[in-house]
Amino acid sequence: MPLSISFTKDTLPTKGSVILTATEGGKLSSLGKALDKTTGGAITRAIKIKKFTGKAGAMFALLAPAKTTLDRIVVLGLGDAKKLTAADAEKMGGTALGTVEKADGVITLMLDPAGNKEVSDADIAARAATGAMLRDYKFEKYKTKGKTKGGPSKFVVATKAMAAAKKSFTELKAVAEGTILARDLVNEPANILTPPEFAKRAKALTKLGVKVEVLSEAQMKKLGMGSLLGVGQGSRQPSQMVVMQWNGAAKTKQPVAFVGKGVCFDTGGISIKPAGGMEDMKGDMGGAAAVTGLMHALAARKAKVNAVGILGLVENMPDGDAQRPGDIVTSMSGQTIEVLNTDAEGRLVLADALWYTQKRFKPKFMIDLATLTGAIMVALGQDYAGLFSNDDKLSEQLTAIGNAEGEKVWRMPMNDTFDKMINTPNADMKNIGGRYAGSSTAAQFLQRFTNDVPWVHLDIAGTAMGSPKSSISRTWASGYGVRLLDRLVKAHYE
Ligand code: BES
Ligand code: MN
Ligand code: ZN
């Protein structure tokens, strides 16, 4: 059962669990103090015994507190309320729900930080609710036994700014739903989420007003997409390209475009991957999942923007029909590619997807997301996506928003030396660059298909899957990218 989330005025509940927040020094709000009085000072005594400082994330719980009808009182540290950012509030909401994981019934989070002048109390409350929603997400649809039972059914945020918080949450909820959609797609196994099934799920966005087209192999062949089609030719599953359009602004307004790598499973092809950990390659469509989640978010919150979402959906399999190392393919751009490693397939998919996007839509910019290289995980770990770009302004905007939202990016270098590394005597380029700078040579490859349109490539191999548990994410898939790009649009392109 998904958690139901609501807002109420700042009055103390009499049932269920209540979460009080305390600021630095273990200071309670006035309602917290009132509840402390009811319990005969049990809360302040516990604060002393626990040496509770109120630092962010610190907590303790009192069960069945005397002289109340409550199940429990949890005290949760906020740290310095004056410095509380929107992203902190989101984490706090997730942590708050985490403190009552085993509690049944209604949870009420008492929230009135009234601290930071840059973030309203309403936004703090709405962000806390979003954090709880993201924290609550589980992937248990294939468990016939041992599913999570019980636990909170209702999460109520109590705040003076109730009406404004509700309003702010309707928009943020759309974004969280988009993140959850992306997580669902990434967690889904590859026997279920084939390219046609993925396209079907993208089609479901039509009910939000998104225009969705699906290009077949025959149509892609006509368009000359030999690079993308080569990747899928060893699979029983047909390759597909999904074209989503959200038109929230005037017809004449140039769209912004998002392009996702959607390799529904990456065996490596004939350059096959080692067996250990290969199951993770069900998540090699994390870029396409993020783009789908983003389109959901933009449409569900009726963003005033024209946005295009393009998915290159393929399955990379070894087979009698599979492409071989050494094959030379012709991309839609006309440029030829010598495929020296069939496991460097993501760039082959994106080459045609990027070219198609700029040619058909003439976008203001293109941002692609792709679980493209293992090398980016070696360089940046799991907290930062690698950002490669030909545009300083976009790069700076994304860096700032990533830091504020907790979906961080780190800009990586591109230059001529890397570009030369993908030259080959046999064709216009090869699809691998050698041992060094693997993420940068991959990005140089993509750049050759951007036709100089302002462009950003986000290598999300480290951030989209195999994600460490955090206060707002508990499953293998994080849904990385949806919030980052939604907020980019919101801040600069609406
Ligand atoms: N999908 C992989 C990259 C990847 C690895 C994503 C681990 C997530 C976790 C990609 O298609 C790939 O195989 N890349 C190769 C490129 C190499 C052959 C040039 C890699 O990174 O090893
Ligand atoms: Mn690969
Ligand atoms: Zn791949």
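Order of appearance sets the numbers: ligands from 1, and atoms from 1 within every ligand. Predicted model only: the values in this text are computed from it and were never measured. This chain uses plain numbering: 1 for the first residue, then up along the sequence.
Contacts with ligand 1 closer than 4.0 Å are made by heavy atoms of both the backbone and the side chain of Asp343. The part of Leu372 lying near ligand 1 is the backbone, judged by heavy-atom distances below 4.0 Å.
Note on Glu494 versus Lys304: no salt bridge recorded, every NZ/NE/NH1/NH2 to OD/OE distance being 4.0 Å or above. Ion pairing of Glu405 with Arg127 is present here, as a side-chain N (NZ or NE/NH1/NH2) and a carboxylate O approach within less than 4.0 Å. Of the charged side-chain nitrogens involved, at least one lies within less than 4.0 Å of a carboxylate oxygen, so that Glu213 and Arg360 count as a salt-bridged pair. A salt bridge is defined here as a Lys NZ or Arg NE, NH1 or NH2 lying under 4.0 Å from an Asp or Glu carboxylate O, and Lys138 with Asp136 meets this definition.
Rounding to the nearest 10°, we obtain 90° for the angle at the Zn ion (ligand 3) between Glu345 OE2 and Asp266 OD2.
For atom 7 (C) of ligand 1, the closest heavy atom belonging to the protein is Met281 CE, 3.7 Å.
Looking at Thr371, Thr373, Thr267, Asn341, it is Asn341 that brings a heavy atom closest to atom 18 (C) of ligand 1. Among Met285, Arg347, Met278, the residue whose heavy atom lies nearest to atom 16 (C) of ligand 1 is Arg347.
Using bins of under 30°, 30° to 60° and over 60° for the plane-to-plane angle, the ring pair Phe139/Tyr142 lands in the perpendicular bin.
The Mn ion (ligand 2) lies under 2.8 Å from an N, O or S atom belonging to Asp343. The Zn ion (ligand 3) does not have Gly346 among its coordinating residues (no N/O/S atom, backbone or side chain, under 2.8 Å). The Zn ion (ligand 3) lies at 2.8 Å or more from every N, O or S atom belonging to Asp343.
Residue contacts with ligand 1 leave out Asp280, since none of its heavy atoms falls under 4.0 Å from the ligand.
Residues Lys261 and Thr371 meet the side-chain proximity criterion, which asks for heavy atoms closer than 4.5 Å.
Per residue Asp266, closest N, O or S atom to the Mn ion (ligand 2): atom name OD2.
On a distance-only criterion, Gly374 and ligand 1 share at least one N/O pair closer than 3.5 Å.
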